[in-house]
Amino acid sequence: MEVNDLIRRDLMDSPAYHPSQPCGGVKLDTNESPWGLPDKIRQKLIHWLEDEENLNRYPDSDNTALKGAIAKFWDVRPENVTCGVGSDQLIDVICKMFIEPGDAVVTQKPTFGMYAVSAVLNRGRAATAPVGYDVSAAEAIVNAAALEKAKIIFLCVPNNPTGRGMSEEGVRFVLENARSVVVIDEAYGEFSGRSSVSLIKKYPNMIVLRTFSKAFGLAGARVGYALADGALVKIIDTAKPPFNLPVISQLLALWAMENAGEFTARAKQMAGARDRLYETLHKLDWLDVELSESNFLYIRSERDVAAVLERGGVSARNFGKSGNEYRVRVSIGSDEENKKVSDLLCGAYPK
Ligand code: PMP
């Protein structure tokens with residue numbers, strides 16, 4: 001017997017998804033926070049380990065305390081919230097619940113790769129509409145979804161990797177006109193300062209995804225959450241594995257939520273640093289940098305930007321070359337790290 005003979009035929013040649021292969025040095029390739037745990041939270045964790053540690057028990061499968069804190073923050077009910085091992089797990093679970101073999105999901109291109117990966121792993125397929133941010137781009141998504149009879153539209157707002165997000169009018173257009181489940185992924189929402197969460201009260205087919213991995217600096221704890229109409233949350237929960245979130249991850253996310261103000265202030269600081277780096281890079285005539293509402297910048301050039309950064313000891317997300325154009329996404333880091341990026345790119349091709 002050969003194991004290869006037993007693999008699903010459609011996945012035989014699928015490569016594993018590797019988020020990024022950093023070259024070492026300054027790590028600006030996965031849009032993490034450059035800052036560690038605030039001391040207050042670190043102390044809480046230490047006390048918990050000293051006084052209350054009970055890792056011999058399974059965690060609360062319903063994430064009751066964490067969902068309560070998230071619901072309070074967003075002014076919704078706990079029934080409107082569900083948590084996942086990163087929003088990655090929620091993307092997968094949503095695909096599991098809606099995709100029948102061959103069904104399409106619609107995304108913009110380029111966008112976050114896991115929508116297509118999860119669709120395919122769940123026997124679906126991904127169709128795309130061109131990336132754009134206005135009502136005409138929204139119309140293109142709705143039309144593509146209608147043509148493909150798509151079960152799910154994934155809209156990344158702001159969009160990874162391009163940095164900008166669909167306008168509020170565009171989001172509303174999609175919600176008003178789509179006949180699919182509409183997932184608005186707001187992984188970078190804290191850096192844009194806008195959100196569609198309040199609309200879940202109006203649209204029963206809408207899911208908003210948020211994560212603790214970016215602005216809340218907890219990428220290592222792997223916690224994401226979805227907000228939606230209660231009936232839709234029940235559907236998502238049907239495919240969610242039991243005990244998915246480890247005790248420590250639930251606690252860290254709960255404490256982070258209780259200190260949300262501090263993380264929101266950090267996100268604002270990051271947004272300021274992002275705008276300053278944008279202004280500097282925008283003046284360089286050998287590259288094009290996109291306006292961003294996120295904690296990263298998307299750069300295109302006929303020259304190999306990633307190689308310039310890599311030679312200077314900075315890992316960025318390299319999307320390779322398309323036509324004549326190299327494309328790279330660089331995360332906003334600490335002031336020192338941003339200065340390094342700025343110095344490398346400003347010094348690379350002096351006039
Ligand atoms: N959505 C987007 C747009 C992302 O960029 C990422 C991470 N890169 C995720 C979701 C997944 O985040 P996590 O699983 O860490 O919550």
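Whatever order the structure lists them in is the order used to number ligands and atoms, beginning at 1. Heavy-atom basis, side chains included; hydrogens, waters and symmetry copies ignored. Numbers here are sequence positions counted from 1.
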Margin query: As a quick check of understanding, evaluate side-chain contact (heavy atoms from CB on, under 4.5 Å) for T82 and K240, giving each step before the final call.
Written below: CA-CA 9 Å; T82 188; K240 192 172 76 109; 3.6 Å; yes

The closest protein heavy-atom partner of atom 7 (C) of ligand 1 is K214 NZ, 3.3 Å

| Contact with ligand 1 for C156, non-hydrogen, under 4.0 angstrom | yes

In ligand 1, the atoms that come under 4.0 Å of a heavy atom of D88 are 11 (C), 14 (O)

Exercise for the section: Assess Y188 for proximity to ligand 1: is some non-hydrogen atom of it under 4.0 Å away? Expected result: yes

Worksheet item: How are the rings of F154 and Y115 set to each other: parallel, tilted or perpendicular (split at 30° and 60°)?
Response: parallel

inquiry  = When you measure from the heavy atoms of R222 to every atom of ligand 1, does any distance fall below 4.0 Å?
reply    = yes

inquiry  = Parallel, tilted or perpendicular: which one describes the rings of W286 and Y349, with boundaries at 30° and 60°?
reply    = perpendicular

For S213, the ligand 1 atoms with a heavy-atom partner under 4.0 Å come out as 13 (P), 15 (O), 16 (O)

Of all protein heavy atoms, the one nearest atom 6 (C) of ligand 1 is F112 CZ, 3.4 Å

Within 4.0 Å of some non-hydrogen atom of G86, the atoms of ligand 1 are 13 (P), 14 (O), 16 (O)

- Message: Looking only at distances, can you tell me whether any N or O atom of T30, backbone or side chain, sits closer than 3.5 Å to an N or O atom of ligand 1?
- Response: no

So the salt bridge (Lys or Arg N to Asp or Glu O under 4.0 Å) pairs with at least one residue in residues 179-205 (sequence neighbours excluded) are E176-K202, E186-R210, E190-R210, R194-E293

Taking only non-hydrogen atoms of A187 and a 4.0 Å limit, the atoms of ligand 1 in range are 1 (N), 2 (C), 3 (C)

Of all protein heavy atoms, the one nearest atom 1 (N) of ligand 1 is D185 OD2, 2.6 Å

| said: Would you say the ring centers of F212 and Y225 fall short of 6.0 Å from each other? | reply: yes

Atom 12 (O) of ligand 1: closest protein heavy atom, distance to 0.1 Å, is S87 OG, 3.3 Å

- prompt: Does the side-chain contact (heavy atoms from CB on, under 4.5 Å) test come out yes or no for L209 and I184, once each step is laid out?
  reply: CA-CA 6 Å; L209 295 180; I184 313 278; over 6 Å; no

- SB check D103 K151 (cutoff 4.0 Å): yes

For this session: Give a yes/no verdict on a cation-pi contact between R327 and Y298, requiring under 6.0 Å between NZ or CZ and the six-membered ring centre and an angle within 45° of the axis.
Result: no

